[in-house]
Q: 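Structure incoming, see below.
A note on names: the letters A, B, ... follow the listed sequences, proteins ahead of strands, and every chain is numbered from 1.
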2 protein chains.
Amino acid sequence: MTAATPKGERRRQALVEAAAGLLVDGGFDAIRHRAVAERAGLPLASTTYYFDSLDELVTAALEFQGNGELAYGKARLDELDPRECGGDAFIELVLDLLLGPTGDRDAEAVLLRYERLVATGRRPYLRPLMRKLSGELHSLLFDIFARAGQPVSRERVEELIALVDGAVVNALIEISPDPRAAARRMLGKSMQPR
Amino acid sequence: MTAATPKGERRRQALVEAAAGLLVDGGFDAIRHRAVAERAGLPLASTTYYFDSLDELVTAALEFQGNGELAYGKARLDELDPRECGGDAFIELVLDLLLGPTGDRDAEAVLLRYERLVATGRRPYLRPLMRKLSGELHSLLFDIFARAGQPVSRERVEELIALVDGAVVNALIEISPDPRAAARRMLGKSMQPR
DNA sequence: AAGTTAGTGGTACGCACGTACCAGAACGGG
DNA sequence: CCCGTTCTGGTACGTGCGTACCACTAACTT
């Protein structure tokens, strides 16, 4: 169900943003009718009015959040100065794109990203969207390597992404997880010998 | 709460095995009091009698399952003949250890393994156990490389594991996921150039 | 035999969830 | 101004969950 009036559209959008916020804060399981409504400051029934099912709401939230992250990545690409992206700075840039910009509650945000990735396995209806987002991220990374004067093949991009993702999921079981540091280590080792 | 009599111990064990079965079939979320009791053919109250909380039951299930997988890996190590582990066969061996022996419902079983890994992030009480299991798996793999006549450093083991794990989580969003094939590709590329 | 401990199993409580319902308000085109 | 469409929001239903309770039985100790 989509909105028909501008006001309705605004309301619907507020729900999507609230759901996206919940997604970031607590994962897919945090997106519930009542939680979304409360976060958006709207009544419970508005969530079922604008979205036929919870799945539809989840999909909209993921799309909103994914596009936001891609926009962030594109902005980073645009402002990229090839002269000032030495090894370390460049690695941080790649990590920013894959794990999100470094923040205080680092491990938490990263965890969410990988919960999303894995949860797709249980939510086949998200696969098409997830594939699209993932594909655009790969392309973005490909462009960034080229722009930074370190062109790589698409296969190599996939390999580096896999390396980062694997490092992250393995870091999550540490006593005090620091997935970004783990990924940084792996990436450094794999890129340095060139 | 632990059992005090042999019969009680058997009953408790039946619950653990039922919970482990549910873990394999449906992930952590599938471990519920009622489901465990039904699968074990025992009354609901037996689950709360032998386990103070659901977390305790989940922990026991994970430990049981993890130890089972490690035992499988050790068996593979023991029967390993260094003369007949050429490149491809050896890669399959590594995949068997990391993803489980190849079966019919392949993607499903692999998905569960990675849900477990990521879910640890949300269940800090599992971290110590998870770390222990993970450490033993790393050692096992280290030994297997040595036995196969391809000794590698522990760092390299970590890198290969990360590569496989990353390939898997990225494969899970494909239309018809084949994570094992994706991992095989990555592993082949990384090990072939010596 | 009596009494303590361990185990059993049926039942119930309170809660949170997805979803449905519906009377009424707001709105927009004729 | 009026009327059909769009939206609003309070409420309710059914389900499944973790957990608690308790009368009861089996087994073991002294």
Q: Assign each of B/Ala45 and A/Asp55 to its nearest nucleotide of DNA chain C by heavy atoms, then name whichever residue's nucleotide is nearer the 5' end.
A: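 That would be B/Ala45.
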Q: Can you tell me if B/Arg11 touches the phosphate of C/dG9, counting only side-chain N or O atoms and a distance under 4.0 Å to OP1 or OP2?
A: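 Affirmative; the distance criterion is met.
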Q: What is the distance, rounded to the nearest whole Å, between atom CZ of A/Phe51 and atom P of D/dC7?
A: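 Distance check: A/Phe51 CZ to D/dC7 P gives 12 Å.
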Q: Have a look at A/Leu42 and say if it touches a base, only the backbone sugar-phosphate, or nothing, with a 4.0 Å heavy-atom cut-off.
A: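 Nothing, no heavy atom under 4.0 Å.
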Q: Rounding to a whole Å, what distance do you find between B/Lys7:NZ and D/dC28:C1'?
A: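 In whole Å, D/dC28 C1' lies 13 Å from B/Lys7 NZ.
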Q: I'd like to know if A/Glu69 and A/Arg116 make a salt bridge, using a cut-off of under 4.0 Å between side-chain N and carboxylate O.
A: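 Here A/Glu69 pairs with A/Arg116 in a salt bridge, since their nearest N and O are under 4.0 Å apart.
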Q: What is the distance, to the nearest angstrom, from the CZ atom on B/Arg34 to the P atom on C/dG9?
A: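 My rounded result for the distance is 17 Å.
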Q: May I ask you to test the B/Leu15-B/Arg39 pair for a side-chain heavy-atom distance under 4.5 Å?
A: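 No, too far: nothing below the 4.5 Å cut-off.
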Q: Is it true that B/Glu92 and B/Arg180 make a salt bridge, defined as a side-chain N closer than 4.0 Å to a carboxylate O?
A: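 Yes, charged N to carboxylate O under 4.0 Å.
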Q: Is there a side-chain contact between B/Arg12 and the phosphate of C/dA6, meaning an N or O under 4.0 Å from OP1 or OP2?
A: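 For C/dA6, neither OP1 nor OP2 has a side-chain N or O of B/Arg12 closer than 4.0 Å.
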Q: Calculate the interatomic distance between B/Asp29 atom CG and D/dG16 atom P; express it in whole Å.
A: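 Taking CG of B/Asp29 and P of D/dG16, I get 16 Å after rounding.
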Q: D/dG18 base to B/Arg32 side chain: any donor-acceptor pair below 3.5 Å?
A: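 For B/Arg32, whose side chain was compared with the base of D/dG18, there is no donor-acceptor pair (under 3.5 Å).
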Q: Round to the nearest Å and state the distance from B/Glu56 atom CD to D/dT19 atom P.
A: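 B/Glu56 atom CD is separated from D/dT19 atom P by 11 Å.
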Q: Taking the side chain of B/Leu44 as heavy atoms from C-beta outward, which of C/dT8, D/dT8, C/dT11 is closest to it?
A: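 Of the options given, the side chain of B/Leu44 lies nearest C/dT11.
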Q: Any side-chain N or O of A/Tyr50 below 4.0 angstrom from OP1/OP2 of D/dT6?
A: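 Answer no for this pair, as no side-chain N or O of A/Tyr50 is under 4.0 Å from OP1 or OP2.
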Q: Would you mind reading off the distance between A/His33 atom NE2 and C/dG18 atom P, rounded to a whole angstrom?
A: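 Interatomic distance, NE2 of A/His33 to P of C/dG18: 6 Å.
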Q: Rounded to whole Å, how long is the line connecting atom CG of A/Leu15 with atom P of D/dC7?
A: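 Whole-Å distance recorded here is 12 Å.
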Q: Examine distances only and state if a side-chain atom of A/Arg127 and a backbone atom of B/Ile173 form a donor-acceptor pair shorter than 3.5 Å.
A: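 No; judged by distance alone, with no hydrogens or angles, the pair does not exist.
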Q: Rounded to whole angstrom units, what separation is found between the CD atom of B/Glu38 and the P atom of D/dG18?
A: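 In whole Å, D/dG18 P lies 13 Å from B/Glu38 CD.
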Q: Do B/Lys189 and A/Glu159 meet the salt-bridge criterion of a basic N to acidic O distance under 4.0 Å?
A: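 So A/Glu159 does not pair with B/Lys189 through a salt bridge.
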